[in-house]
Amino acid sequence: MPEGHTIHRLAADHQERFGGRQVRASSPQGKFSDGAALLDRRVMTGAEAHGKHLFLGFGDTGWVHVHLGLIGKFGFGDGPTPPPTDTVRLRIATSAHYADLRGPAACALITEPEKRAIHDRLGPDPLRPGDDPDRVYTRIARSRISVAALLLDQKVIAGVGNVYRAEVLFRHGVDPFLAGRDLPRPVWDAMWADLVALMREGVRTNRIDTVRPEHEPAAMGRPPRVDDHGGEVYVYRRTGQPCLVCGTAVRTRPLDARNLFWCPRCQA
DNA sequence: TAAGTATGTTAAG
DNA sequence: TTAACCTACTTAC
């Protein structure tokens, strides 16, 4: 489930429920027992996101660094904690709320310098206020790598995943295989502004919707799209189906072990 | 019951 | 380039 919008939403959700409060911490599954023991009965001092990385602050004790990977998930609940299931890596709870973390790629207690090192290897994030699209463009403009590959490189730009990649390329009519050095500056500026708007909307709604009103199913006389990622999109996972704008069959091809989706006509 | 898939990343070969 | 990892859900046998 996790692209950058998910992680920023999780930071806000943790801040709202646990920020400034003393929490109980445990690792029912056992793989984070030592870390959880150090956090138990401490105050969560803040929650922060950079790209797909989540940081939960615990004052001088340090930070919990969480990366959900492909399958990690948080589940929130209100009221007293129910008995945990055996896959819960980390449970954080007050008397009013609890959060259960399952299946993360990373869940570790780290120091402030270790946290800084993680920030240093991540590119600008459309959801971090003040992050600089010029820095991203500088890297894109001197690369022979495809724009599609560059958008998934977290050192270049942080937080974009497979859905936002496919959708932002479609919305700007960009051929995914275009070399970064051939992407015009004005197109990049528009793509960044669009990512900022789309991902902010994603944080608000907790899903990815990229289809403009005039192409929505209701406006086109089609039934609403039902898909388990839960949003309206132009090309992501619509292989073989007609493009919502021109009707051409949407194509897919593996690129660096990820599925890339695009419309060969709108993105020529 | 087993296999396949997924909005991701890292390490080994 | 391939495999491995973490979980849950769907599909195939």
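Lettering follows sequence order; numbering is per chain, from 1.
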| field | Between His14(A) and Phe55(A), ring centroids under 6.0 Å | value | no
| Stacked cation flag Arg91(A) on Tyr98(A), 6.0 angstrom / 45 deg | yes
| query | Does one side chain, of Thr61(A) or Arg42(A), offer a donor that lies under 3.5 Å from an acceptor on the other? | reply | yes
| field | Distance between P atoms of dT10(B) and dA8(C) (Å, rounded) | value | 23 Å
| task | Please state whether the phosphate of dC6(C), meaning OP1 or OP2, lies under 4.0 angstrom from any side-chain nitrogen or oxygen of Lys31(A). | result | yes
| request: Can you tell me the distance, in whole Å, between the CG atom of Leu70(A) and the P atom of dA4(C)? | output: 16 Å
| Any side-chain N or O of Asn259(A) under 4.0 Å from OP1/OP2 of dT5(B)? | no
| note | Among dT7(B), dT10(B), dA6(B), the one nearest any side-chain atom of Arg121(A) is dT10(B)
| request: Rounded off to whole Å, could you give me the NZ-to-P distance for the Lys73(A) and dC9(C) pair? | output: 7 Å
| Any Tyr164(A) side-chain N or O less than 4.0 Å from OP1/OP2 of dT7(B) | no
| task | Using side-chain hydrogen bond (donor to acceptor under 3.5 Å, both in side chains) as the criterion, point out the one residue from Lys115(A), His53(A), His8(A) that pairs with Glu48(A). | result | Lys115(A)
| query | Dot-bracket, DNA chain B: Watson-Crick or G-U, under 3.5 angstrom, [ ] crossing, | other strand? | reply | ||||||.|||||.
| said: Taking only the P atom of each, what is the distance from dT1(B) to dC6(C) in whole angstrom? | reply: 23 Å
| Expressed in whole Å, how much space separates the C1' atoms belonging to dT1(C) and dT7(B)? | 23 Å
| field | Whole-Å gap separating C1' (dT7(B)) and CG (Asp209(A)) | value | 14 Å
Run the side-chain donor-acceptor check on residues 142-151 of chain A: report pairs under 3.5 Å with partners two or more places apart or on a different chain.
{"unit_1": "Ser143(A)", "atom_1": "OG", "unit_2": "Ile145(A)", "atom_2": "N", "d": "3.0"}
{"unit_1": "Ser146(A)", "atom_1": "OG", "unit_2": "Ala149(A)", "atom_2": "N", "d": "3.2"}

| field | Nearest-nucleotide pick for Arg89(A), side chain only, options being dT9(B), dA8(C), dC6(C) | value | dC6(C)
| request: Verify the neighbour count for atom CZ of Arg265(A): are there more than 12 heavy atoms of other residues, nucleotides or ligands below 6.0 Å? | output: no
| request: Check whether any side-chain N or O of Thr87(A) sits under 4.0 Å from OP1 or OP2 of dC6(C), and answer yes or no. | output: no
| query | Under 30°, 30 to 60°, or over 60°: which ring-plane class applies to Phe74(A) and Phe76(A), parallel, tilted or perpendicular? | reply | parallel
| query | Whole-Å distance between dT10(B) C1' and Asp256(A) CG? | reply | 14 Å
| task | Identify which nucleotide among dC6(C), dA8(C), dT9(B) has an atom closest to any side-chain atom of Lys52(A), counting heavy atoms from C-beta outward. | result | dT9(B)
| task | Under 4.0 Å between any heavy atoms, over every strand shown, what does Gly161(A) touch: base, sugar-phosphate, or nothing? Just pick one. | result | sugar-phosphate
| message | Please say yes or no: joined through hydrophobic side-chain contacts below 4.5 Å, possibly via intermediate residues, are Leu101(A) and Leu109(A) part of one cluster? | response | yes
| request: Choose from dC6(C), dT9(B), dT7(C) the nucleotide whose nearest atom is closest to any side-chain atom of Gln154(A). | output: dT9(B)
| field | Arg102(A) side-chain N/O to dA8(C) phosphate OP1/OP2 under 4.0 Å | value | yes
| field | Of the listed nucleotides dT9(B), dC6(C), dA6(B), the one nearest the side chain of Gln29(A) | value | dC6(C)
| field | Atom-pair distance (NE2 on His65(A); P on dT9(B)), nearest Å | value | 10 Å
| request: Identify whether Tyr234(A) and Met199(A) are in the same connected component of the hydrophobic contact network (ILVMFWY, side-chain heavy atoms under 4.5 Å). | output: yes
| task | Provide, to the nearest angstrom, the distance between the CG atom belonging to Leu10(A) and the P atom belonging to dT7(B). | result | 18 Å
| query | Between His67(A) and dT9(B), does any side-chain N or O lie under 4.0 Å from OP1 or OP2? | reply | yes
| remark: Whole-Å distance, Arg238(A) CZ to dA6(B) C1', equals 19 Å
| request: Using the P atom on both, measure dT9(B) against dC9(C) and round to a whole Å. | output: 23 Å
| note | When rounded to whole Å, the CE to P distance for the pair Met199(A) and dT7(B) reads 16 Å
| Of the candidate nucleotides dT7(B), dA6(B), dA8(C), which contains the atom at the shortest distance from the side chain of Ile71(A)? | dA6(B)
